[in-house]
Amino acid sequence: MASASSFSKFSLTLLLLVLFLGSTNAQLSTNFYSKSCPNLFPTAKSVVHSAIMKEARMGASLLRLFFHDCFVNGCDGSLLLDDTSSFTGEKNAAPNRNSARGFDVVDNIKSAVENVCPGVVSCADILAIAARDSVKILGGPNWDVKLGRRDARTASQAAANNSIPPPTSNLNRLISRFNALGLSTRDLVALSGSHTIGQARCTSFRTRIYNESNIDRTFAQTRQRNCPRASGSGDNNLAPLDIQTPTYFDNNYFKNLINRRGLLHSDQQLFNGGSTDSIVRGYSNNPSSFISDFVTAMIKMGDISPLTGSKGEIRKNCRRVN
């Protein structure tokens with residue numbers, strides 16, 4: 001009898017523990033807003049579609065915002081916060097200054113969503129949805145986005161400076177940074193494939209096109225025409241990350257790497273005689289393999305340290321805390 005009573009107490013304690021853990025570590029889910037905001041997806045996609053129709057590059061910019069948000073203290077919308085008297089935010093950190101863009105589009109999505117379901121959808125989730133929609137609109141895959149993130153009440157410029165791998169990174173640094181966030185080497189290569197769309201500034205690839213040897217000579221000369229050697233001259237001039245199809249989401253990025261036409265140093269590091277060469281070759285030869293792994297990696301990246309349950313808040317304005 002005593003043992004049965006002890007077992008019952010143990011079972012009750014275990015149940016309470018499970019319930020407690022469940023309440024403090026609420027999980028993201030693909031149907032999080034199915035009842036509270038049933039028109040969320042078409043509302044958001046309409047704004048993203050309009051923005052990309054005006055400027056195809058915006059799709060890559062929105063995808064990049066999600067990446068830069070998730071890599072700094074998790075996917076919590078902290079990147080979107082403007083500086084305040086109590087903290088210096090992430091927008092002017094080195095990886096974002098003069099390059100992170102699309103904040104006005106995020107504002108427009110938030111405004112449209114607030115009109116149909118006020119105070120319900122977080123800015124962090126809007127970034128996740130906008131990234132998915134951008135990829136899909138530019139010819140890439142579709143996937144079910146996990147949602148339920150809440151918004152951070154603070155941001156850190158120092159964390160952004162230290163957390164986002166710069167374009168000068170070598171392969172070991174890239175692998176190490178991704179692994180620290182629970183992303184595998186295969187995830188690293190797949191997510192780097194997002195450079196099949198978008199553009200980079202001359203300051204990000206100047207050293208590569210003038211000083212590096214593992215680069216196709218004709219490609220380097222082409223890039224040099226719009227990116228002068230002297231620092232301070234043409235710094236903000238743009239070049240496509242994928243020279244073949246810069247506004248279409250495909251696997252040409254990997255074909256470029258094999259032909260030594262990676263624009264950034266960090267791009268070409270993925271195919272430079274190292275451990276990731278075989279993954280690049282695989283994605284180059286098998287686009288469906290790349291697409292499958294990219295979707296898996298995007299979902300994993302979206303799982304990085306979200307604020308859930310009662311943590312954080314649902315911002316009314318993505319640029320400032322409530």
Side-chain angles (χ1 to χ4, degrees), residues 24-28 32-33 40 44 47-48 58 60-111 113-114 119-134 145-167 177-178 180-183 187 191 194 297-322:
T24 55
N25 292 300
Q27 297 298 304
L28 304 181
F32 188 84
Y33 297 110
L40 167 60
V47 179
V48 176
M58 185 54 68
S61 298
L62 292 171
L63 176 58
R64 186 169 182 257
L65 286 183
F66 185 49
F67 167 60
H68 280 213
D69 184 46
C70 290
F71 263 58
V72 184
N73 296 325
C75 310
D76 61 2
S78 58
L79 170 62
L80 303 174
L81 289 171
D82 290 337
D83 295 351
T84 71
S85 58
S86 58
F87 65 80
T88 303
E90 299 164 26
K91 288 182 176 178
N92 286 309
N96 298 323
R97 188 171 53 248
N98 297 323
S99 66
R101 58 197 300 275
F103 297 109
D104 54 337
V105 177
V106 174
D107 290 339
N108 292 341
I109 300 169
K110 177 65 171 174
S111 178
V113 170
E114 286 293 303
V120 173
V121 181
S122 69
C123 299
D125 277 346
I126 283 173
L127 283 179
I129 295 166
R132 186 272 310 274
D133 288 349
S134 295
V145 181
K146 293 166 69 173
L147 301 167
R149 303 168 190 82
R150 289 166 66 84
D151 296 321
R153 292 191 176 100
T154 189
S156 169
Q157 185 177 103
N161 282 327
N162 294 326
S163 302
I164 300 168
R177 185 67 200 123
F178 276 68
L181 295 171
L183 298 169
D187 294 330
L191 289 170
S194 61
M298 283 294 291
I299 293 170
K300 283 177 69 175
M301 185 175 76
D303 282 342
I304 298 174
S305 305
L307 299 174
T308 57
S310 60
K311 298 174 184 174
E313 64 181 14
I314 304 298
R315 274 182 231 142
K316 294 181 178 71
N317 181 330
C318 290
R319 293 175 183 263
R320 57 177 180 266
V321 298
N322 294 340

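If you're wondering where the values come from, they're calculated on a predicted model, not measured in any experiment. Just the heavy atoms: all of them, side chains too, but no hydrogens, waters or symmetry mates, feed the values below.
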Using 0.5 Å steps for rounding, measure from the [atom1] atom of [X] to the [atom2] atom of [Y].
X: L40; Y: F32; atom1: CG; atom2: CZ; value: 11.0 Å
X: I129; Y: S122; atom1: CD1; atom2: OG; value: 8.0 Å
X: L81; Y: C123; atom1: CG; atom2: SG; value: 8.0 Å
X: T308; Y: Q27; atom1: OG1; atom2: CD; value: 7.5 Å
X: D125; Y: I314; atom1: CG; atom2: CD1; value: 7.5 Å
X: C318; Y: I126; atom1: SG; atom2: CD1; value: 5.0 Å

Between [Y] and [X], is there a side-chain heavy-atom distance shorter than 4.5 Å?
X: R315; Y: N322; answer: yes
X: R320; Y: T84; answer: no
X: Y33; Y: L147; answer: yes
X: R319; Y: D107; answer: yes
X: F66; Y: C75; answer: yes
X: D76; Y: D69; answer: yes
X: T154; Y: S78; answer: no
X: V106; Y: L62; answer: yes

Between [X] and [Y], what is the shortest heavy-atom contact and its length?
X: V48; Y: S134; result: CG1-OG, 3.7 Å
X: G182; Y: D187; result: O-OD2, 4.4 Å
X: A159; Y: S163; result: O-OG, 2.6 Å
X: L127; Y: G77; result: CD1-CA, 4.4 Å
X: L28; Y: G148; result: CD2-C, 3.6 Å
X: L65; Y: A100; result: CD2-CB, 4.1 Å

Just by distance, do the side chain of [X] and the backbone of [Y] share a donor-acceptor pair under 3.5 Å?
X: K311; Y: R149; answer: no
X: N161; Y: A94; answer: yes
X: D83; Y: G89; answer: yes
X: R150; Y: G309; answer: yes

- Does the side-chain contact (heavy atoms from CB on, under 4.5 Å) test come out yes or no for R132 and M298, once each step is laid out? CA-CA 9 Å; R132 186 272 310 274; M298 283 294 291; over 6 Å; no
- Give the intermediate values and the outcome of side-chain contact (heavy atoms from CB on, under 4.5 Å) for residues L191 and K300. CA-CA 11 Å; L191 289 170; K300 283 177 69 175; over 6 Å; no
- Item | Flag for S61-R101: side-chain donor and acceptor within less than 3.5 Å |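 S61 and R101 do have a side-chain donor-acceptor pair below 3.5 Å.
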- NZ/NE/NH1/NH2 to OD/OE distance under 4.0 Å, D82 and K91: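 Looking at D82 and K91, the cut-off is met.
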